[in-house]
Amino acid sequence: MYLSKLFIPLLKETPSEAKIKSHQLMLRTGMIKQSSTGIYSWLPLGFKIMKKIEKIVREEQNHIGAQELLMPTIQSANIWKESGRYDDYGEEMLRIKDRQGREMLYGPTNEELITEIFRASVKSYKSLPQLLYHIQWKFRDELRPRFGVMRCKEFFMKDAYSFDVNDVEAGKSYNKMFFAYLKTFKRLGLTAIPMRAETGPIGGDLSHEFVILAETGESKIYSDKRIFDTDISKYTGDDDSINELRKKYGEFYSVTDEKFNKEDFEKKVKKENQLVTKGIEVGHIFYFGDKYSKPLKCAVDLQDGKKVYVKMGSYGIGVSRLVAAIIEAKFINNVMKWPNSVTPYEVAIIPSLQKNDKSNYTKAEKAYNFLKKNNIDVIFDDTDEHLSAKFKKFDLIGIPYQIILGSKSTHDKFEFKEVNGKTESLTLEEIKNKLTNIKN
Ligand code: ATP
Ligand code: MG
């Protein structure tokens, strides 16, 4: 892509309404545009990044055997009346009427709808377990939408639902998701810590919020900092190994404020290991048994002829919030560096261009065509801005690798720079090999 052709409305100044760095960066680099309070359009750069995140989320869901479907954004109020949540959900729910006066709503989540789909066709224990998910827009009329896409009204979420015959089997589904989440966040370049969360009346320990550290996060967290050293690559992902891993995490105190107990914290965590900071919730997994299947009468026949309400769990990931969360984690000292897995372009060609000397342009364009031919997704800054202005711009756009054509470049060598890393002098062939290796 030629930068001059990319629809990327860069802003010179930081918009005053943006209070945290992810929101500032997203506006400045034209990733999003607010359309009304808490509602955003995703512009090409931001959308491309979100799609890459979505793809990784999808791959890890598919990997554990979850099946993708797509439910609508608009739901009928009837099923919510059946579950009893139509009244409970309160003002966060956007309620609408169609022309016949039927009560509808814009889905804030999908437990009811998936249960309705499930009960209509699945009648026997033989069809279980099932894991179903979709990646779809949600709407919550948040009381205080803020921080851009971090807490907005319309957001993109992956939500999965598990169906099992009993608690033991449901625990296995839960474990699969637990592990898939850790792998997903790791691929996104994030260290997300699973923290025990409220389970409500069901009790047990099957509710975790996945939190990444960030000063600007909305959740206060208290933890033993050794929990961050947990290395998931040692675990295979079968049920026993995930139980081991959960035990390992369980050795370290780590909770958000809703579960915080000062006495406990001070007793269990030595002073030097205590970490009190803030975090961003990027995912939440939750087992709730027959909380919805019972009122919605979603039951299956067991082998002995008895009927049982299916045991369900739900598993959310904030796909659009993750775009902002990655920025909060990776935008350091005013320099952004996207993780290789989600970067909008793999490399940027940044030449110094003179009006009366076309040689750098020709060389840059040759490099551009060569890399494109070799399946490298490259952006070419063909604008006539001064090199220092280009660097400033790319500090924000955050492409992790740069090919610089300035005074130091020679006939067949290019300055190849990793952002926040070293600069080497390489031939095009060497650059191609390097970038191909990084991709794989
Ligand atoms: P929060 O405590 O942040 O309001 P929640 O408990 O309401 O989150 P869930 O219903 O579990 O969230 O939704 C799953 C995921 O969707 C969350 O972990 C979060 O990443 C994302 N999410 C929830 N609400 C919003 C929002 N208003 N804007 C953007 N993302 C959101
Ligand atoms: Mg909420």
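First listed ligand is number 1; within each ligand, the first listed atom is number 1. Nothing here was measured: the structure is a model prediction, and the numbers come from that model. Computed from heavy atoms alone, side chains included, the values below leave out hydrogens, waters and symmetry copies.
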For this session: Measure from atom 9 (P) of ligand 1 to every heavy atom in R146, R140, K138 and give the option owning the shortest one.
Result: R140

For this session: Please work out which of E258, M157, E218 has its closest non-hydrogen atom nearest to atom 13 (O) of ligand 1.
Result: M157

Seminar exercise, completed: For E142, the atoms of ligand 1 under 4.0 Å from one of its heavy atoms are 24 (N), 26 (C), 27 (N)

Exercise. Can you name the residues that form a salt bridge (charged side-chain N to carboxylate O under 4.0 Å, His left out) with D167, not counting sequence neighbours?
Worked result: K311

For this session: Please confirm whether the backbone N or O of E328 pairs with a side-chain atom of S22, one donor and one acceptor, at under 3.5 Å?
Result: no

Problem set entry | Ring geometry between F210 and H208 (parallel below 30°, tilted from 30 to 60°, perpendicular above 60°) | tilted

Seminar exercise, completed: So the atoms of ligand 1 within less than 4.0 Å of a heavy atom of G283 turn out to be 18 (O)

For this session: Would you confirm whether the ring centroid of F286 sits within less than 6.0 angstrom of the ring centroid of F288?
Result: yes

Problem set entry | Non-hydrogen atom of V282 closer than 4.0 Å to ligand 1 | yes

For this session: Look at the aromatic rings of Y2 and F380 and report parallel, tilted or perpendicular, splitting at 30° and 60°.
Result: tilted

Exercise. Are any of the N or O atoms of C152 closer than 3.5 Å to those of ligand 1?
Worked result: yes

For this session: Check the surroundings of atom OH in Y89: do more than 12 heavy atoms from other residues, nucleotides or ligands lie under 6.0 Å from it?
Result: yes

Exercise. Considering only the protein, which heavy-atom contact is closest to atom 3 (O) of ligand 1, and what is its distance?
Worked result: R151 NH2, 2.7 Å

Seminar exercise, completed: closest protein heavy atom to atom 18 (O) of ligand 1 is E281 OE2, 2.6 Å

Seminar exercise, completed: protein heavy-atom neighbour closest to atom 24 (N) of ligand 1 works out as F155 CZ, 3.5 Å

Exercise. When you measure from atom 19 (C) of ligand 1 to every protein heavy atom, which one gives the shortest distance, and what is it?
Worked result: R321 NH1, 3.5 Å

Problem set entry | For V149, atoms of ligand 1 separated by under 4.0 Å from a heavy atom | 29 (C)

Seminar exercise, completed: Here the atoms of ligand 1 under 4.0 Å from any heavy atom belonging to G318 are 15 (C), 16 (O), 20 (O), 21 (C)

Problem set entry | Carboxylate-amine/guanidinium proximity below 4.0 Å for E103 and K97 | no

Exercise. Using 30° and 60° as the class limits, which term best fits the ring planes of Y222 and F265: parallel, tilted or perpendicular?
Worked result: perpendicular

For this session: Identify the protein heavy atom lying closest to atom 29 (C) of ligand 1, giving its residue, its atom name and the separation to 0.1 Å.
Result: M150 O, 3.3 Å

Seminar exercise, completed: Any heavy atom of L322 under 4.0 Å from ligand 1? The part involved is neither

For this session: Taking side-chain hydrogen bond (donor to acceptor under 3.5 Å, both in side chains) as the test, write out the residues that go with R187, two or more places apart.
Result: E59, E60

